[in-house]
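Data first, discussion second: the structure below is written as structure tokens.
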Amino acid sequence: MKRIVLVLCICLLPLSGCWSSRELNELAITVAVGIDEVKDGIELTVQIINPGDMQVQTPTNGPSVTTYSIKADSVMEALRKMTIKSPRKIYLSHLRMLVLSEGIAKSGIAEVLDFFARDHEVRTDYFVVVAKNSRASSVLNVLTTIEKIPANYMFAALETSQKVWAPTRGVKLNELISNLTSQGKHPVLTAVLVKGNHKKGGDMANIQRVNQKTILKFKGLGIFKGDELVGWFNESESKGYNYVTGNVKSTVVVIPCEKKEKSHDIIGVEMLRTSTDIKSRMKGGKPVIDVNLKGEANIADVECQVNLQDPAMITELEKKTEHDVQDKMRRAIKRAQNEYQSDVFGFGEVFYRQNVKDWNKMKNRWDEIFATDLEVNLKVDVQIRRLGTLNNSYMKEMQD
């Protein structure tokens, strides 16, 4: 028995236990980081959860978060230098949002991202966005309702928006790094805007109103070439981009009524379960991409008199929905080709996977080929499956 105990004791000696553990009251739990450009360096802003709000029994009456900003030459230096302002060490394992200023994005994001990809404490499951027409620090200083922690608000809003609306795109760090290092695809990042007075966004009075004067809003996609921001898709083009890349899980297509009695008479079609198949081929020595999108849809909203029990009407609505989707896809592709010369759709990756020999001949000139020689064919097939709980609108019955 003594021999067994001795053997167990010897086995326990190499086990060091939680040698690297740190107490929660020694850490500043950071949920969002913002990076702005300044002369000869960067300004880093962190959004930290107030410790009092982590205890349900002792809620605070003030904001749920605190922000600190500091200037430095690099991200790592800024985080360490931040201790002259923060009483606790910055802890990034619970990061939800990384906000890059438009200036940082235009000058190149690869350098500032290196720390986040390299550091072992930082996970890669947070969203990266670009602050459009404002500083990243201004975005992080805006207080929000519903979600008391603004970083959680932004994360949930972006995640929900890309699922049910479609012009946004939640890009996490690992996907962003993959697109940056790919030879056949350039990245996109969603824009976050501060709507209203930037300076008053951090006042408690802003979230104590029914109608907030300053809010955060996601709108449009930033187009990158390499690691540099070169322009923006508008809302319609952003939705077209997501159609092409197969990222539309659900959205709404608005079709004007043929006989409009009012200016806003429309039929709303809810797109569901879209899927995109992209094929590559060569024709006459030039590359061709065929994009085939299939989707199911429901009739969601009818504001004019139409006979939905007529199969011909359903077929007509399907064709109009297909035209709307195809038009948005074409506009996004044409703008990327003609204005930005940036393959954000990953057509080059498709050639790499499907026609590697042809890709090897084109890869060094792909951006030029994408802009001038690439032919893109679009085919959209939409099937309307359900009409909702009504067949014809009661508006038609009122007129009969």
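Sequential numbering from 1 along the given sequence is applied to the chain's residues.
Of the possible donor and acceptor atoms, one in the side chain of Lys85 sits under 3.5 Å from a partner among the backbone N and O of Ser69. In this structure, the side chain of Asn242 engages the main chain of Ala166 through a donor-acceptor pair within 3.5 Å. In this structure, the side chain of Thr214 engages the main chain of Asn197 through a donor-acceptor pair within 3.5 Å. Between the side chain of Thr181 and the backbone N or O of Ser178 there is at least one donor-acceptor pair closer than 3.5 Å. The backbone N or O of His323 sits nowhere less than 3.5 Å from a side-chain atom of Asp327 that would complete a donor-acceptor pair. Not a single donor-acceptor pair under 3.5 Å links the side chain of Thr30 to the backbone N or O of Val46. Between the side chain of Asn247 and the backbone N or O of Arg169, no donor-acceptor pair lies under 3.5 Å. In this structure, Gln47 contributes its side chain and Val31 its backbone to no donor-acceptor pair below 3.5 Å. For the pair Asn179 (side chain) and Val188 (backbone), a donor-acceptor distance under 3.5 Å is absent. Asn141 places no side-chain N or O within 3.5 Å of a backbone atom of Gly202 that could act as its donor or acceptor partner.
Classification of Glu102 and Lys106 as a salt-bridged pair holds, one side-chain N sitting under 4.0 Å from a carboxylate O. The pair Lys320-Glu258 meets the salt-bridge criterion, with a side-chain N (NZ, NE, NH1 or NH2) lying under 4.0 Å from an Asp/Glu carboxylate O. Salt-bridge annotation for Glu175 and Lys172: absent, with no side-chain N of the basic residue lying under 4.0 Å from a carboxylate O of the acidic one. Comment: Glu43 engages Arg135 in a salt bridge, judged by a side-chain N to carboxylate O separation of less than 4.0 angstrom. Taking a cutoff of 4.0 Å between a charged side-chain nitrogen and a carboxylate oxygen, Glu77 and Lys81 do not qualify as a salt bridge.
Within the 4.5 Å cutoff, side-chain heavy atoms of Met282 are placed close to those of Pro287. When side chains are defined from C-beta on, Ile289 counts as touching Phe351, because their heavy atoms get closer than 4.5 Å. By the 4.5 Å heavy-atom criterion applied to side chains, Leu176 and Phe224 are not counted as neighbours. In this structure, Val291 and Leu378 have side chains that are in contact, with non-hydrogen atoms separated by less than 4.5 Å. The shortest distance between side-chain heavy atoms of Tyr243 and Val380 does not fall below 4.5 Å. By the 4.5 Å heavy-atom criterion applied to side chains, Leu229 and Ile109 are not counted as neighbours. Proximity of Arg273 to Lys294: side-chain heavy atoms (C-beta onward) are nowhere separated by under 4.5 Å. Using a 4.5 Å heavy-atom cutoff, the side chains of Thr124 and Ile177 are not in contact.
Looking at every heavy atom in both residues, Thr144 comes nearest to Pro150 through OG1-CA, 3.5 Å. Scanning all heavy atoms of the two residues, the minimum distance from Lys213 to Arg209 falls at CE-NH2, 3.0 Å. Shown here for Ser101 and Asp36, the closest heavy-atom pair between the two residues is CB-OD1, 3.1 Å. Minimum interatomic distance between Gly184 and Asp343 (heavy atoms only, all atoms of both residues): O-OD2, 3.2 Å. Taking every heavy atom of both residues into account, Arg88 and Ala28 meet most closely at CB-N, 3.6 Å. Taking each heavy atom of Leu221 and Pro167 in turn, the nearest pair found is CG-O, 3.8 Å.
Shown here is Glu316, whose CD atom has more than 12 heavy atoms of other residues, nucleotides or ligands within 6.0 Å. Residue Ile146 places its CD1 atom among 12 or fewer non-hydrogen atoms of other residues, nucleotides or ligands, all under 6.0 Å distant. For NZ of Lys225, the number of neighbouring non-hydrogen atoms (other residues, nucleotides, ligands) closer than 6.0 Å is greater than 12.
Atoms CD and CG, on Gln309 and Leu387 in that order, are 8.5 Å from each other to the nearest 0.5 Å. The structure places CG of Leu143 at 9.5 Å from CG of Leu216, a figure rounded to the nearest 0.5 Å. The CG atom of Asn206 sits 10.0 Å away from the NZ atom of Lys200 when rounded to the nearest 0.5 Å. For the atom pair Ile266 CD1 and Asp301 CG, the distance stands at 4.5 Å (nearest 0.5 Å). A distance of 9.0 Å separates CG in Asp324 from CE in Met271, rounded to the nearest 0.5 Å. Here the CD1 atom belonging to Ile70 is positioned 13.5 Å from the CZ atom belonging to Arg80, to the nearest 0.5 angstrom.
Hydrophobic cluster membership is shared by Met329 and Val253, with clusters built from Ile, Leu, Val, Met, Phe, Trp and Tyr side chains linked at under 4.5 angstrom. Following chains of ILVMFWY side-chain contacts shorter than 4.5 Å, one cannot reach Leu98 starting from Phe155, and the two form parts of different hydrophobic clusters. Val75 is not connected to Val99 by any chain of hydrophobic side-chain contacts under 4.5 Å among Ile, Leu, Val, Met, Phe, Trp and Tyr, and they are in different clusters. Met154 and Val130 end up in different hydrophobic clusters when Ile, Leu, Val, Met, Phe, Trp and Tyr side chains are linked at under 4.5 Å. Hydrophobic clustering places Ile42 together with Leu95 (ILVMFWY residues linked when any side-chain heavy atoms are closer than 4.5 Å, directly or through intermediates).
Relative orientation of the Tyr126 and Phe116 rings is perpendicular, given thresholds of 30° and 60° on the angle between their planes. The aromatic rings of Tyr352 and Trp359 sit perpendicular, their planes meeting at an angle over 60°, well past the 30° parallel limit.
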Could you give me the CA-CA distance, side-chain angles and deciding distance for Leu272 and Arg386, then say whether side-chain contact (heavy atoms from CB on, under 4.5 Å) is met?
CA-CA 11 Å; Leu272 298 169; Arg386 290 170 290 275; 4.1 Å; yes
Determine whether His186 and Asp367 satisfy the following criterion, side-chain contact (heavy atoms from CB on, under 4.5 Å), listing intermediate values before the conclusion.
CA-CA 10 Å; His186 293 295; Asp367 284 338; 3.0 Å; yes
Evaluate the criterion side-chain contact (heavy atoms from CB on, under 4.5 Å) for residue pair Arg331 and Phe233; output intermediate values, then yes/no.
CA-CA 10 Å; Arg331 288 174 181 270; Phe233 278 156; over 6 Å; no
CA sep, side-chain torsions, deciding dist, call: Cys257, Val306, side-chain contact (heavy atoms from CB on, under 4.5 Å)
CA-CA 9 Å; Cys257 296; Val306 291; 5.6 Å; no
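Residue pairs meeting the side chain to side chain donor-acceptor pair (under 3.5 Å) criterion with at least one member in residues 371-383, sequence neighbours excluded, are Lys283-Glu375, Asp290-Asn377, Glu375-Asn377, Asp381-Gln383.
With no hydrogens or angles considered, no side-chain donor-acceptor pair links Asn234 and Ser236 at under 3.5 Å. A side-chain donor from one of Asn50 and Thr66 sits under 3.5 Å from a side-chain acceptor of the other. In this model, a donor atom of one side chain and an acceptor atom of the other lie less than 3.5 Å apart for Thr145 and Gln212.
Stacking of Lys185 on the aromatic ring of Trp366 is not recorded, the 6.0 Å distance cut-off and the 45° axial limit not both being met.
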